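Just so you know, ligand 1 is whichever comes first in the structure, and atom 1 is the first atom listed for that ligand. Because the structure is a prediction, the values reported are computed rather than measured.
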Amino acid sequence: MSNVKSNLISIQKNIEKSCVRANRNIKDVTLIAVTKEVSVERTEEVIQNEILHLGENRPEGLMKKIEAISADVKWHYIGSLQTRKVKSVINEIDYLHSLDRKSLADEIEKRASTVKDCFVQVNVSKEESKHGLSLEEAELFIDELKDYSRIRVVGLMTMAPNTDDDSLIRQVFRDLKELQTKIAAKQQPHAPCTELSMGMSGDYEIAIEEGATFVRIGTALVGKDKEDE
Ligand SMILES: *Cc1c(COP(=O)(O)O)cnc(C)c1O
């Protein structure tokens, strides 16, 4: 397996090129290393390379990493979160990327000890296999969150459709950006909505060109080494 450092160097070059193409500041793009498929050791390698935003998608994997890792990192929970798991997860993480229903918001309100930075997950492409609200539902849902004292909607999150058609992927990111801009313009205290969590190993360059401020990269950065543990 190639080492994290060389993967990181090429990813950072690509991020930089995408920023240049889109006339964006590279400082506005944060790389989240998705470590869900890899060991604690591999995750430590990421941290040694000064990537301090880590993404996990299962409560068990998250807790295992948090217990083993002492570095001061930001934890992003990127998977769909079962309501009954909120209690054990919510006060361990810095960002939740998968807020997609009222029952989840209610449980966060009950269990979070401080205000939690959340992304509302949007299923722009309306693929059946994907979680998230439609673009229309997301806007109403965010309005309704104004009465929740423990939820701050920092932005929107989506996953691109499974397709080789880059123009379709680009359109999904564009639609999300358009909704984000619209919600941010409302200047609601509970929903600054300035961030866009979009782009994975196969499509992060397009996502950055379309405005992503957080990209979630797993395999291209760390590979998959869980089998070797
Ligand atoms: C696994 C995962 C990623 C990372 O995917 P890669 O293709 O390995 O980069 C990003 N976002 C979410 C929500 C994921 O579940």
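Scanning the protein for heavy atoms near atom 5 (O) of ligand 1, the closest one is Met200 CE, 3.6 Å. Looking at atom 11 (N) of ligand 1, its nearest protein heavy atom turns out to be Arg216 NE, 2.8 Å. Nearest protein neighbour of atom 14 (C) of ligand 1, counting heavy atoms only, is Lys36 NZ, 3.0 Å. Ile78 CD1, 3.5 Å is the protein heavy atom nearest to atom 12 (C) of ligand 1.
Polar contact with ligand 1: absent for Ala220 (N/O pair, distance under 3.5 Å). On a distance-only criterion, Asn57 and ligand 1 share no N/O pair closer than 3.5 Å.
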request  = Take Glu109 and Ser149, measure what side-chain hydrogen bond (donor to acceptor under 3.5 Å, both in side chains) needs, and give me the verdict at the end.
outcome  = CA-CA 7 Å; Glu109 184 71 6; Ser149 65; 2.9 Å; yes

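For the residues Gly223, Ser201, Ser80, Ser98, the heavy atom positioned nearest atom 7 (O) of ligand 1 is part of Ser201.
When only modelled atom types and interatomic distance are considered, Ser134 and Glu136 share a side-chain donor-acceptor pair under 3.5 Å.
Within a 6.0 Å radius of CG in Asp165, more than 12 heavy atoms belonging to other residues, nucleotides or ligands are found.
For the residue pair Leu179 and Ala138, the shortest heavy atom distance occurs at CD2-CB, 4.0 Å. Here the closest heavy-atom approach between residue Gln188 and residue Ile142 is recorded as NE2-CG2, 4.3 Å.
The proximity of Met157 to ligand 1, defined as any non-hydrogen pair under 4.0 Å, is limited to the side chain. Counting heavy atoms under 4.0 Å from ligand 1, residue His97 does not touch it at all.
Taking 4.0 Å as the cut-off between side-chain N and carboxylate O, Lys102 and Asp106 count as a salt-bridged pair. The pair Glu139-Lys186 counts as a salt bridge, with a side-chain nitrogen and a carboxylate oxygen less than 4.0 angstrom apart. Note on Arg170 versus Glu209: salt bridge recorded, some NZ/NE/NH1/NH2 to OD/OE distance being below 4.0 Å.
Ligand-side atoms of ligand 1 in range of Ile217: 9 (O), range being under 4.0 angstrom from any heavy atom. Interface of Thr219 with ligand 1, defined as ligand atoms under 4.0 Å from a residue heavy atom, comprises 6 (P), 7 (O), 8 (O), 9 (O).
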